[in-house]
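All values reported here derive from a predicted model rather than from experimental measurement.
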Amino acid sequence: QVQLVESGGGLVQAGGSLRLSCAASGLTFSKSAMGWFRQAPGKGREFTGAISWSGGTTYTNSVKGRFTISRDNAKNTVYLQMNSLKPEDTAVYYCAADTSYSIFLRSSSGSYAHWGQGTQVTVSS
């Protein structure tokens with residue numbers, strides 16, 4: 001029933017920007033915290049950032065100041081704006097929904113019940 005569909009990935013040069021989108025359906029989006037995770041080949045899934053249902057955000061240190069998460073509740077869509085991209089940012093990026101109605105943003109992948117299929121981001125040097 002719940003579907004999350006990422007889009008916007010691609011190939012970009014170091015220093016460039018990309019904007020990822022995640023369209024959600026089948027859940028009460030306006031009351032769901034939304035997280036972004038990424039996974040590089042051979043590595044575990046890493047928390048990137050999250051946005052609460054009220055609009056508060058948090059980010060992992062490696063992307064802080066470069067990435068911005070926002071949401072448009074009217075469109076049931078969450079965005080990940082990525083600026084000053086580095087080759088180390090290369091990964092498959094996933095959006096995830098936390099429907100627990102928690103007042104806290106959670107960074108553990110196990111805290112998110114629903115996941116998108118992922119979109120590939122490749123940053124060349």
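Under the 3.5 Å distance criterion, the side-chain polar atoms of Thr77 are matched with a main-chain donor or acceptor of Lys75.
In terms of the side-chain hydrogen bond (donor to acceptor under 3.5 Å, both in side chains) criterion, Gln3 has no residue partners (sequence neighbours excluded). Judged as a side-chain hydrogen bond (donor to acceptor under 3.5 Å, both in side chains), and not counting sequence neighbours, the contacts of Ser54 are Ser52. Glu88 meets the salt bridge (charged side-chain N to carboxylate O under 4.0 Å, His left out) test with no other residue; sequence neighbours excluded. Scanning for side-chain hydrogen bond (donor to acceptor under 3.5 Å, both in side chains) contacts around Thr122 gives Gln120, with sequence neighbours left out. For Ser25, there are no side-chain hydrogen bond (donor to acceptor under 3.5 Å, both in side chains) partners at least two apart in sequence or on another chain. Every residue meeting the side-chain contact (heavy atoms from CB on, under 4.5 Å) condition with Thr28, not counting sequence neighbours, appears here in chain and number order: Ser30, Lys31, Tyr101.
Residues in residues 17-55 take part in these disulfide bond (SG atoms under 2.5 Å apart) pairs, two or more places apart or across chains: Cys22-Cys95. The salt bridge (charged side-chain N to carboxylate O under 4.0 Å, His left out) analysis of residues 47-72, with sequence neighbours excluded, yields the pairs Arg66-Asp89. Applying the disulfide bond (SG atoms under 2.5 Å apart) definition to pairs two or more places apart or across chains, none involves residues 28-81. Residue pairs meeting the salt bridge (charged side-chain N to carboxylate O under 4.0 Å, His left out) criterion with at least one member in residues 41-61, sequence neighbours excluded: Arg38-Glu46. Pairs engaging residues 1-28 under the salt bridge (charged side-chain N to carboxylate O under 4.0 Å, His left out) rule: none recorded [sequence neighbours left out]. For residues 94-110, every residue pair satisfying the salt bridge (charged side-chain N to carboxylate O under 4.0 Å, His left out) rule, not counting sequence neighbours, is listed here: Asp98-Arg106.
Between Phe37 and Tyr112, the angle of the ring planes goes over 60°, which puts this pair in the perpendicular group of the 30/60° scheme.
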